[in-house]
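Just so we're clear, the structure is a prediction, and the values are computed from it rather than from any experiment. All residue numbers refer to positions in the sequence shown, counting from 1.
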Amino acid sequence: MTELVTLEVETRSETGTGAARRIRAAGKIPGNVYGHGAESTAVQADELQFKALISKISTENTLIDLKIGDDQPKAVLIREIQRHPYRSAILHVDFFEITAGEKIKVAVPVRLEGTPIGVRNGGTLQVIRYELEVECLPREIPTGFEADISEMEIGDSLHISEIDTGDVFLLEDESLTVCTVVAPRVVEEVEEEGEEISELEGEVEPEVITARGD
């Protein structure tokens, strides 16, 4: 089942673009906590602590005990992380508060184990789905779904129905493909049409048409 980790954050009173820049300059990440129609709470997290946390967890489906100041911890999921387009900086994070006993929809990663026989024989593994969406209670979120693909030959496919998803409710069409092993491409060298025409022109004598007499 799902992991449970802890993160401490602080409330923030300033909002807006200018305030967000100042928060980030101070080594913090601005964020919001929301859920179930309640007003969102503006918070800020220590950048180094947050990066260390997300480097060790699956951000899509790991429950976090979020401690906001002196308040009781809230069980949350990370709903969105906004990143800088070309730097490693995190610009903003959204946390979604979970209610105990209420089912939620989450994406659970698929972990493919082993190297397919078909890949060892020159084929290529094409992964189509890296995660599956499920609905379950917060404390029952799987950390991941494992699938052994070491016996797959060239031309074989793994479908959702072949993965053990346990007791959670799957929100996917089980006939869909997760991955497949395809044959290596054979590249045929074809002469350009222009080159072929040039060669033909060098071999064929031009036809001379003469005018007929009256």
Side-chain angles (χ1 to χ4, degrees), residues 1-85 87-111 113 129-147 163-172:
M1 291 298 102
T2 187
E3 306 171 62
L4 184 62
V5 296
T6 302
L7 177 68
E8 293 186 9
V9 298
E10 305 167 339
T11 57
R12 59 186 172 96
S13 56
E14 289 187 297
T15 58
T17 304
R21 288 199 192 99
R22 289 191 293 273
I23 290 169
R24 289 192 286 267
K28 307 286 186 179
I29 301 170
N32 288 300
V33 183
Y34 66 94
H36 302 286
E39 286 189 18
S40 65
T41 302
V43 298
Q44 59 188 31
D46 181 84
E47 181 179 17
L48 293 179
Q49 289 180 4
F50 185 74
K51 285 183 174 180
L53 176 72
I54 64 174
S55 70
K56 298 181 292 186
I57 65 171
S58 172
T59 56
E60 296 86 359
N61 66 335
T62 300
L63 275 182
I64 298 173
D65 262 348
L66 192 70
K67 194 171 187 306
I68 307 174
D70 295 327
D71 295 344
Q72 288 294 318
K74 300 176 183 289
V76 302
L77 286 170
I78 295 174
R79 269 295 180 246
E80 183 180 12
I81 298 175
Q82 296 178 17
R83 302 177 185 271
H84 193 279
R87 295 204 300 265
S88 62
I90 295 176
L91 304 179
H92 192 274
V93 58
D94 281 333
F95 300 99
F96 181 74
E97 185 177 355
I98 302 302
T99 299
E102 182 177 310
K103 290 186 177 181
I104 57 173
K105 297 177 182 179
V106 292
V108 177
V110 176
R111 302 190 182 108
E113 300 176 346
R129 287 175 175 80
Y130 291 89
E131 56 189 25
L132 303 178
E133 190 175 14
V134 304
E135 184 177 56
C136 61
L137 293 171
R139 303 291 174 178
E140 296 177 357
I141 301 173
T143 56
F145 298 131
E146 287 75 31
I163 296 177
D164 182 7
T165 56
D167 296 328
V168 296
F169 182 69
L170 193 63
L171 299 172
E172 304 274 5

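Going from atom CD1 of I29 over to atom CD of Q49 covers 10.0 Å, rounded to the nearest 0.5 Å. With rounding to the nearest 0.5 Å, the separation of NZ in K74 from NZ in K67 is 12.0 Å. How far CZ of R21 is from CD of E14: 13.0 Å, rounded to the nearest 0.5 Å. A distance of 11.0 Å separates CG in L170 from CD in E135, rounded to the nearest 0.5 Å. Going from atom CD1 of I81 over to atom OG1 of T59 covers 5.0 Å, rounded to the nearest 0.5 Å. Atom-to-atom distance recorded for K103:NZ and E140:CD is 8.0 Å, nearest 0.5 angstrom.
Inter-residue side-chain proximity for R111 and T143 is flagged as met; some heavy-atom pair is nearer than 4.5 Å. Contact annotation: the side chain of I141 approaches that of I104 to within less than 4.5 Å [non-hydrogen atoms, C-beta and beyond]. At a threshold of 4.5 Å between non-hydrogen side-chain atoms, the residues D46 and K28 count as touching. Residues V5 and D65 fail the side-chain proximity criterion, which asks for heavy atoms closer than 4.5 Å. Contact annotation: the side chain of V106 never approaches that of E60 to less than 4.5 Å [non-hydrogen atoms, C-beta and beyond]. Side-chain contact between V134 and N61 is absent, with no heavy atoms from C-beta onward closer than 4.5 Å. Proximity of I78 to I54: side-chain heavy atoms (C-beta onward) are separated by under 4.5 Å at one or more points. In this structure, the side chains of I64 and L53 come closer than 4.5 Å at one or more pairs of heavy atoms.
Heavy-atom minimum distance, T99 versus P138: O-CG, 4.1 Å. Across all their heavy atoms, L91 and H84 have their closest contact at CG-N, 3.8 Å. E133 and E172 get closest at one heavy-atom pair: N-OE2, 2.9 Å. In plain terms, the two heavy atoms of N32 and A42 that are nearest each other are OD1-CA, 3.5 Å. Nearest heavy-atom pair, F96 versus G35, reported as atom, atom and distance to 0.1 Å: CE1-CA, 3.7 Å. In this structure, V33 and L66 approach most closely via the heavy-atom pair CG2-CD2, 3.5 Å.
Annotation for E113: atom CD counts as buried by contact number, over 12 foreign heavy atoms lying within 6.0 Å. Surrounding NZ of K51 are more than 12 heavy atoms belonging to other residues, nucleotides or ligands, all under 6.0 Å away. Under a cut-off of 6.0 angstrom, the local environment of CD in E102 is crowded, with over 12 non-hydrogen atoms contributed by other residues, nucleotides or ligands. Other residues, nucleotides and ligands contribute more than 12 heavy atoms inside 6.0 Å of the CG atom of D71.
Although no hydrogens or angles enter the test, the distance criterion places no donor-acceptor pair under 3.5 Å between the side chain of R12 and the main chain of A20. Within the 3.5 Å criterion, the main-chain N or O of F95 finds no donor-acceptor partner in the side chain of R79. For K105 (side chain) and L171 (main-chain N/O), no donor-acceptor pair under 3.5 Å exists by modelled atom type.
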Can you list the steps and then say if L63 with R139 is a side-chain contact (heavy atoms from CB on, under 4.5 Å)? CA-CA 8 Å; L63 275 182; R139 303 291 174 178; 3.9 Å; yes
